2 protein chains.
Amino acid sequence: MYKKICIYLSMGNSNLYKGSLTTIILKLLEEHDKMYGYEITQKVKELTQGELKITEGALYPSLHKLEADGLLDVEVAKVDNRLRKYYKLTEQGTKETVSKLAELENYIKTMQNLVNPKLILE
Amino acid sequence: MYKKICIYLSMGNSNLYKGSLTTIILKLLEEHDKMYGYEITQKVKELTQGELKITEGALYPSLHKLEADGLLDVEVAKVDNRLRKYYKLTEQGTKETVSKLAELENYIKTMQNLVNPKLILE
DNA sequence: ATTAATACATAAAATTCTTATGTATAAGAA
DNA sequence: TTCTTATACATAAGAATTTTATGTATTAAT
């Protein structure tokens, strides 16, 4: 038998992260070429020093959607008798990544402008 | 009779804005003391040069929730025979604003760190 | 031997927003 | 003067995304 007790901290205790999961996945894949789901959760935890924890319930459906949309290709591997699904960017996925990153930069500028107008002079 | 044809552009054509509406409302009220709903939509449009358009369907329920949560007080006024509901921060709302702004700063730092790790050295 | 870590998955519920619609007054254009 | 746009509120169905909870299975560590 199995037993599972979970503690769900997820997305930084702030709902600002809502809507950024896709951007995060695409950017990580742009930098690391080929990653599997669990690896993404660990990498995000590491890069954010524990601030951001991607939950499985958000990650896997998101990966499936990106694949269905043609932004990711999947390749199944078996390592130590355990399943791994490696994802990588398609050509279209690479384009979408550029676009998503531009959106993020734009979001940040807009929000800083809204929230702290004195510091933005350009 | 009336007729209404709407063009819904809303939240910057990017779902990164999901989750930031509350922060935006609170910050505007911190700066402008007292505002009504329609005024908020216009102010946001103006401050973001049209990039961000708050829809009524998002704004009004959000204002009602903030009021129900004790973060905003409301005061009804009649100007030119037209109804206006002025909202202002409660004491608790002022505290929450500080907290929400800190969350935003933190979100921006975390995302920049994730997305462009080379530029962050601190 | 039991727990923690690795590795996938899905599904109900919550949250937030979009889209659509409803109501009403005032101002401006045709 | 009539039609449209702007001002000002509201709610509700549906979409999208995430949280919370659960399910299955293998390997490593205690």
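Chain naming here is simple, since letters A, B, ... match the order of the sequence lines and numbering starts at 1 in each. Just so it is clear, the structure is predicted and the values come from calculations on it, not from any experiment.
Taking B:Y17 as the reference, A:Y107 meet the ring pair (Phe, Tyr, Trp, His ring centres under 6.0 Å) condition, with sequence neighbours excluded. Scored by the salt bridge (charged side-chain N to carboxylate O under 4.0 Å, His left out) test, A:E30 finds A:K27 as partners (sequence neighbours excluded). A:E51 pairs by the salt bridge (charged side-chain N to carboxylate O under 4.0 Å, His left out) definition with nothing, not counting sequence neighbours. Qualifying side chain to side chain contact (heavy atoms under 4.5 Å, CB included) partners for B:T41, counting only residues two or more places apart in sequence or in other chains: B:Y38, B:I54, B:L59. Taking the salt bridge (charged side-chain N to carboxylate O under 4.0 Å, His left out) definition, one finds that A:E46 meets it with A:K43, sequence neighbours left out.
As a whole-Å value, the separation of A:K4 NZ from C:dT2 C1' is 18 Å. Taking atom CD1 on A:I5 and atom C1' on C:dA5, their separation rounds to 14 Å, with Å as the unit.
At least one side-chain heavy atom of A:L52 sits less than 4.5 Å from a side-chain heavy atom of A:M11.
When all heavy atoms of A:K45 and A:K53 are compared, the pair lying nearest together is CG-CG, 3.9 Å.
Within the structure, salt bridge (charged side-chain N to carboxylate O under 4.0 Å, His left out) contacts touching residues 55-84 of chain B (residues at least two apart or in different chains) are B:K4-B:E56, B:K65-B:D69. Contacts classified as ring pair (Phe, Tyr, Trp, His ring centres under 6.0 Å) and involving residues 64-89 of chain A (residues at least two apart or in different chains) are given here: A:Y36-A:Y86. Each side-chain hydrogen bond (donor to acceptor under 3.5 Å, both in side chains) pair with one or both residues in residues 88-103 of chain B, not counting sequence neighbours, appears once here: A:S14-B:E103.
At the phosphate of C:dC17, neither OP1 nor OP2 sits under 4.0 Å from any side-chain N or O atom of B:N15. Of the side-chain N and O atoms in A:S10, one or more sit less than 4.0 angstrom from OP1 or OP2 of D:dT19.
Residues from residues 59-89 of chain A with heavy atoms under 4.0 angstrom of DNA chain C, sorted by number: A:Y60, A:P61, A:H64, A:R82, A:L83, A:R84, A:K85. Sorted by residue number, the list of members of residues 33-54 of chain B with any non-hydrogen atom under 4.0 Å from DNA chain C is empty. Across residues 16-24 of chain B, B:Y17, B:K18, B:G19, B:S20, B:L21 each have a non-hydrogen atom less than 4.0 Å from an atom of DNA chain C (numbered order).
Other members of a hydrophobic cluster containing A:V79 are absent, since no ILVMFWY side chain comes under 4.5 Å of it, directly or through relayed contacts.
In this entry D:dA16 has C:dT15 as its Watson-Crick or G-U wobble partner, both defining distances falling under 3.5 Å.
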